[in-house]
*Asks:* 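Sending over a structure as structure tokens; questions will come in a sec.
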Amino acid sequence: MDASEIGIGEVGSFGWRVFHERHPVMIERLCAATPFGPDVREALSALLRESTGGVVEPLEDDAPDHGVWAGWIAGQVGRPWAETSFLWAESYFFRKLLAATGFFAPGPWRGVDPFAPMKRAELHNAATAETLKALDELPHLGDADRDAAVVQAAVWGNQADLAFQLSTDASGATSGLVAGSPEEFWSLFGEPGVVHLVADNSAGELAADLVLIDRLLTTGRADRVVLHVKPGPYYVSDATPTDVLEVLHHLRDLPGEAGAVGERVQNALREGRIGVRAHPFFCGPKEFGAMPEDLRAELASAAVTIFKGDLNYRRLVGDRHWQPTTAFDDVAVRLPGPVVSLRVLKSEVVVGLPADVVASLDASGEAWRTQGSHALIQSTPVT
Ligand SMILES: O=P(O)(O)OC[C@H]1O[C@](O)(CO)[C@@H](O)[C@@H]1O
């Protein structure tokens with residue numbers, strides 16, 4: 001199956017707006033959060049100019065990842081950015097942004113996560129506090145409701161406002177879910193095995209992921225969980241190993257169920273029942289079909305692999321102009337065990353929807369694919 005890649009060149013398209021409208025605002029916020037000097041601010045402006053009107057320039061820093069980027073960048077240098085794919089361009093943009101902030105260079109900002117202030121603010125804001133407090137409801141729920149609640153939380157934690165949706169309704173508060181259900185999610189788990197969770201954002205979303213991991217372990221659905229995060233700062237709020245510790249410390253300092261989850265997760269890390277990985281490919285610009293053999297071999301051991309969020313979905317099914325009725329199973333990357341996506345829709349690509357659902361969503365006149373108001377749970381079958 002094939003479909004053309006989503007690009008950034010068409011004026012007014014979603015990808016174009018990310019580069020021409022969102023990135024300038026993001027860089028303004030970055031500079032408001034950290035007092036970068038004129039050299040960094042100029043490098044960031046140059047990156048904006050390059051990526052909105054120029055050609056792809058090579059990496060000019062001395063970071064240790066040039067070897068891996070050599071393969072990912074092949075054929076792109078010298079091309080107008082407007083001709084590159086959205087998936088490739090966004091990833092390269094974030095890699096260059098890190099270099100522009102001095103992340104790789106000798107000097108004061110080396111290794112300093114430029115997005116840390118934003119992630120920290122999100123983790124400590126009132127909305128996250130409220131939703132973490134809502135975890136205190138969990139021990140009072142029956143098993144089915146508790147299962148449904150932690151999946152809803154993991155799905156909707158991917159929304160920008162990071163709201164937990166704790167439901168006391170066993171069928172799940174599925175309004176807003178355009179595909180799948182918590183029941184579909186839990187039906188993937190049989191004999192206990194190793195579950196891999198490919199995380200997305202830090203702060204409230206990662207907290208929800210740790211709650212889900214805790215549920216997988218405490219109910220015996222998993223005997224071990226591998227949590228995959230990004231090896232470095234990426235896409236603003238993506239979780240890194242440092243963020244795992246930050247979120248864990250935050251949970252542990254809280255009273256009630258949040259603190260109890262934090263304690264259990266910390267113990268599971270100590271005992272090796274949770275492992276953390278940060279493979280370089282997760283900060284790369286390629287679809288998951290192009291994952292390197294070592295990562296593929298690692299995921300091959302998974303009883304189930306959970307992919308969180310919008311970007312992982314784009315990489316899983318291909319960031320392409322698929323017909324939305326294309327079967328998820330036809331285009332999602334194949335692994336020996338089932339794969340399941342928990343995603344809030346924040347970009348154009350979507351598959352696996354019945355025609356009548358698409359027709360009614362289109363008829364609503366809403367930007368349902370991109371505005372973050374809808375979500376999905378989609379999986380490949382257990383074989
Ligand atoms: O954090 P998530 O769910 O991966 O969402 C990131 C999404 O945000 C965007 O950067 C801009 O909307 C998308 O390109 C990307 O898929």
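Indexing begins at 1, ligand by ligand and atom by atom, following the structure's order.
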*Asks:* Determine if the distance from atom 14 (O) of ligand 1 to the closest protein heavy atom is below 4.0 Å.
*Replies:*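 Looking at atom 14 (O) of ligand 1, one finds that a protein heavy atom does lie closer than 4.0 Å.
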
*Asks:* Closer than 4.0 Å to some heavy atom of Phe14 - which atoms of ligand 1 meet that?
*Replies:* 12 (O)

*Asks:* What protein heavy atom is closest to atom 12 (O) of ligand 1, reported as residue, atom name and distance in Å?
*Replies:* Arg22 NH1, 2.6 Å

*Asks:* Could you tell me whether Arg315 sits above the aromatic face of Phe281, with NZ or CZ closer than 6.0 angstrom to the six-membered ring centre and within 45 degrees of the axis?
*Replies:* yes

*Asks:* Any N/O of Leu311 closer than 3.5 Å to an N/O of ligand 1?
*Replies:* yes

*Asks:* Using heavy atoms and a threshold below 4.0 Å, how should the contact between Asn158 and ligand 1 be classified: side chain, backbone, both, or neither?
*Replies:*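 Near ligand 1, Asn158 shows its side chain, while the N, CA, C and O stay back.
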
*Asks:* Compare Glu348, Gln371, Lys346 and give the one whose heavy atom is closest to atom 3 (O) of ligand 1.
*Replies:* Lys346

*Asks:* May I ask you to identify the nearest protein heavy atom to atom 7 (C) of ligand 1, giving residue, atom name and distance to one decimal place in Å?
*Replies:* Asp310 OD2, 4.0 Å

*Asks:* Show me which atoms of ligand 1 lie under 4.0 Å from any heavy atom of Arg314.
*Replies:* 13 (C), 14 (O), 15 (C), 16 (O)

*Asks:* Please could you name the atoms of ligand 1 that Tyr235 approaches to less than 4.0 Å, counting only its heavy atoms?
*Replies:* 10 (O)

*Asks:* Do Glu42 and Arg49 meet the salt-bridge criterion of a basic N to acidic O distance under 4.0 Å?
*Replies:* yes

*Asks:* Could you tell me whether Gln371 atom CD has more than 12 heavy atoms of other residues or ligands within 6.0 Å of it?
*Replies:* yes

*Asks:* Could you check whether any heavy atom of Tyr313 sits closer than 4.0 Å to an atom of ligand 1, since that is the contact criterion I want to use?
*Replies:*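 It does not, in that no heavy atom of Tyr313 comes within the 4.0 Å cut-off of ligand 1.
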
*Asks:* Going by the atom numbers of ligand 1, which of them fall below 4.0 Å from some non-hydrogen atom of Phe86?
*Replies:* 14 (O)

*Asks:* Could you identify the single nearest non-hydrogen protein atom to atom 10 (O) of ligand 1 and state the distance to 0.1 Å?
*Replies:*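 Of every protein heavy atom, Glu90 OE2, 2.7 Å lies nearest to atom 10 (O) of ligand 1.
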
*Asks:* At under 4.0 Å between heavy atoms, which part of Asn201 makes contact with ligand 1: side chain, backbone, both or neither?
*Replies:* side chain

*Asks:* Could you tell me the residue and atom name of the protein heavy atom closest to atom 2 (P) of ligand 1, and the distance to it rounded to 0.1 Å?
*Replies:* Asp200 OD2, 2.9 Å

*Asks:* Go through the side-chain N and O atoms of Asp319 and Trp88 and say whether any donor and acceptor fall under 3.5 Å apart.
*Replies:* no

*Asks:* Cut-off 3.5 Å, side chains only: do Tyr235 and Glu90 have a donor facing an acceptor?
*Replies:* yes

*Asks:* Do we see a donor-acceptor contact under 3.5 Å between the side chains of Thr219 and Arg221?
*Replies:* yes

*Asks:* Can you tell whether the side chains of Lys96 and Asp61 come within less than 4.0 Å, N to carboxylate O?
*Replies:*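 So Lys96 does not pair with Asp61 through a salt bridge.
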
*Asks:* Between ligand 1 and Ser347, is the shortest N or O to N or O distance under 3.5 Å?
*Replies:* no

*Asks:* Are the charged groups of Arg224 and Glu271 less than 4.0 angstrom apart, N to O?
*Replies:* no

*Asks:* Does a side chain donor of either His196 or His228 reach within less than 3.5 Å of an acceptor in the other side chain?
*Replies:*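 His196 vs His228: donor-acceptor pair found between side chains.
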
*Asks:* Report yes or no: is the cationic atom of Arg41 (NZ for Lys, CZ for Arg) under 6.0 Å from the centre of the six-membered ring of Phe36, at an angle within 45° of the ring normal?
*Replies:* no

